[in-house]
Amino acid sequence: MSKTNGNHLLINDHDKYKSMWIRACSSLWMLGGFLLIIYMGHLYILAMVVVIQIFMASELFNLLRRAHEDKRLPGFRILNWHFYFTAMLFVYGRILSHQLVNTVTSDKIFYKLVSKLIKYQMVICYFLYIAGVMWFILTLKKKMYKYQFGQFAWTHMILIVVFTQSAFTVANIFEGIFWFLLPASLIAVNDVAAYFFGFFFGKTPLIKLSPKKTWEGFIGASVVTTISAFVDLSTGWLLCDPGPLFKPEYYPLPGWLPWKEVAILPVQWHALCLSLFASSIAPFGGFFASGFKRAFKIKMVMAVFAYIYHQSFVVPQDYTVEMIINEPYFGGAEYSICQVRSNIAGENG
């Protein structure tokens with residue numbers, strides 16, 4: 001690392017205390033708003049994610065925007081948002097279909113309307129996308145093909161980047177707010193710990209993409225995040241009837257210790273795994289964002305891992321007859337309950 005890179009470290013910043021005060025005040029306001037939204041429930045959390053996602057997409061759309069070319073293409077910006085909301089309808093419609101049906105079962109008319117929309121959602125999204133492609137082709141102008149096709153490709157890359165993260169975030173929300181809150185809190189703890197360790201002890205630059213990141217901050221944050229994930233969940237703060245993940249299991253200790261056994265919640269082991277990812281792998285998502293920012297001269301990895309981990313290691317993989325019958329493959333007239341049961345009995349020998 002060069003000496004110039006080392007001069008950007010927080011430990012060498014003369015205004016670092018002023019910066020820390022500003023960060024602390026703004027963080028408290030953000031934390032208060034975040035906790036209020038968490039308290040209000042699933043739909044408000046979903047709305048927060050959608051709003052943040054729209055701002056992300058807007059900033060990314062503007063990265064390669066050229067005002068001169070856009071003036072010659074009236075309505076071309078609207079086309080970007082057409083693809084964006086089509087992708088939103090497809091992704092969120094797939095995720096929220098079961099939750100939406102369950103919330104409107106009391107109103108028969110509304111239930112039929114929602115059921116129809118869910119049934120034909122894929123067809124609707126497909127034709128909306130085709131309409132967008134036709135719109136794009138009709139707006140092509142000579143001497144602007146390179147810019148227009150570049151914008152078309154850029155729009156689709158944005159949809160992949162933004163919706164990959166946000167879709168898994170929304171899926172985590174409806175698996176239980178805990179599975180949204182735990183990964184988010186781990187990232188927050190890791191960022192705060194990295195800042196303070198770098199603030200007081202950081203002397204060794206970590207990566208050129210983020211000049212203020214240090215090895216001291218990275219290692220210190222990893223230790224703090226891992227310990228906090230495991231310890232915080234052992235405080236017994238649940239007031240409801242806990243599920244199996246939150247009921248303590250007792251492990252015997254060696255005889256030379258004053259304690260005979262220790263109580264550990266199963267969810268603590270899962271939190272430990274998530275914290276290891278949050279402290280060692282997830283920061284590279286921030287480094288990627290820093291490189292992305294610098295590449296275009298402007299200033300969401302944990303969610304995917306949390307969802308994949310939850311589906312692979314937390315959710316029970318036992319399938320009942322009722323679960324199979326509810327799948328679309330078994331919902332048509334080709335299969336009957338008796339056929340499904342006979343198939344299952346045959347597979348089980």
Side-chain angles (χ1 to χ4, degrees), residues 27 30-31 34-35 37-39 41-42 45-46 48-49 52-53 56 95 161-198 206-207 210 213 215 217-238 240 242-249 251 262-290 300-317:
S27 298
M30 293 174 62
L31 180 61
F34 180 73
L35 292 177
I37 293 173
I38 293 294
Y39 175 77
H42 295 75
I45 303 173
L46 170 62
M48 177 188 69
V49 172
I52 294 174
Q53 177 186 317
M56 287 173 57
I95 295 174
V161 171
V162 172
F163 279 102
T164 298
Q165 294 295 317
S166 60
F168 282 104
T169 301
V170 172
N172 288 337
I173 292 170
F174 286 95
E175 290 291 343
I177 293 179
F178 174 83
W179 295 107
F180 163 77
L181 190 58
L182 177 61
S185 62
L186 291 176
I187 291 296
V189 169
N190 186 261
D191 287 344
V192 172
Y195 177 79
F196 278 101
F197 273 91
L206 174 62
I207 188 169
S210 298
K213 303 291 185 183
W215 276 105
F218 181 81
I219 296 172
S222 299
V223 174
V224 170
T225 304
T226 303
I227 294 175
S228 65
F230 193 81
V231 173
D232 289 348
L233 290 173
S234 66
T235 55
W237 43 267
L238 290 176
C240 59
L245 286 177
F246 297 91
K247 292 181 179 179
E249 295 179 351
Y251 297 86
V262 60
I264 298 178
L265 304 177
V267 74
Q268 287 180 263
W269 299 117
H270 297 303
L272 184 62
C273 295
L274 291 175
S275 68
L276 292 174
F277 184 90
S279 59
S280 59
I281 306 299
F284 285 87
F287 302 151
F288 173 81
S290 297
M300 278 193 136
V301 179
M302 188 65 191
V304 179
F305 176 77
Y307 180 80
I308 294 173
Y309 181 90
H310 179 267
Q311 294 297 314
S312 301
F313 301 107
V314 179
V315 176
Q317 299 299 323

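Here the structure is a predicted model, which means the values were calculated and not measured.
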(message) If we ignore hydrogens and angles and just use 3.5 Å, is the side chain of S222 paired with the main-chain N or O of S279 as donor and acceptor?
(response) yes

(message) Using only atom types and a distance under 3.5 Å, with no angle test, would you say the side chain of Q268 pairs donor to acceptor with the backbone of F230?
(response)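 Checked: pair present.
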
(request) In sequence, state the C-alpha distance, the side-chain angles, and the governing distance for F34 and L181, and then conclude on side chain to side chain contact (heavy atoms under 4.5 Å, CB included). (result) CA-CA 10 Å; F34 180 73; L181 190 58; 3.7 Å; yes

(message) Can you give me the closest heavy-atom contact between H42 and I173, atom names plus distance?
(response) CD2-O, 3.4 Å

(request) Identify the heavy atoms of F277 and M302 that sit nearest to each other, and give their distance. (result)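 Closest heavy-atom pair between F277 and M302: CD2-SD, 3.5 Å.
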
(request) Count the heavy atoms of every other residue, nucleotide or ligand shown that sit under 6.0 Å from OH of Y39, and state whether that count exceeds 12. (result) no

(request) Please name the residue in the list N190, V189, L182 that meets the side chain to side chain contact (heavy atoms under 4.5 Å, CB included) test with L186. (result)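 Testing L186 for a side chain to side chain contact (heavy atoms under 4.5 Å, CB included) against N190, V189, L182 leaves exactly one candidate, L182.
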
Side-chain contact test, heavy atoms from C-beta onward, threshold under 4.5 Å: evaluate it for [X] versus [Y] and give yes or no.
X    : Y    : result
L276 : C273 : no
F218 : K213 : no
F305 : I281 : no
V224 : F196 : no

(message) Quick check on ring-ring contact (aromatic ring centres under 6.0 Å, His included): which of F174, F313, F168, F180 does Y307 satisfy it with?
(response)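 Only match with Y307 under ring-ring contact (aromatic ring centres under 6.0 Å, His included): F168.
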
(message) How long is the straight-line distance from CD1 of I45 back to OG1 of T169, given to the nearest 0.5 Å?
(response) 11.5 Å

(message) Would L265 and L245 count as a side chain to side chain contact (heavy atoms under 4.5 Å, CB included) here? Give the steps.
(response) CA-CA 6 Å; L265 304 177; L245 286 177; over 6 Å; no

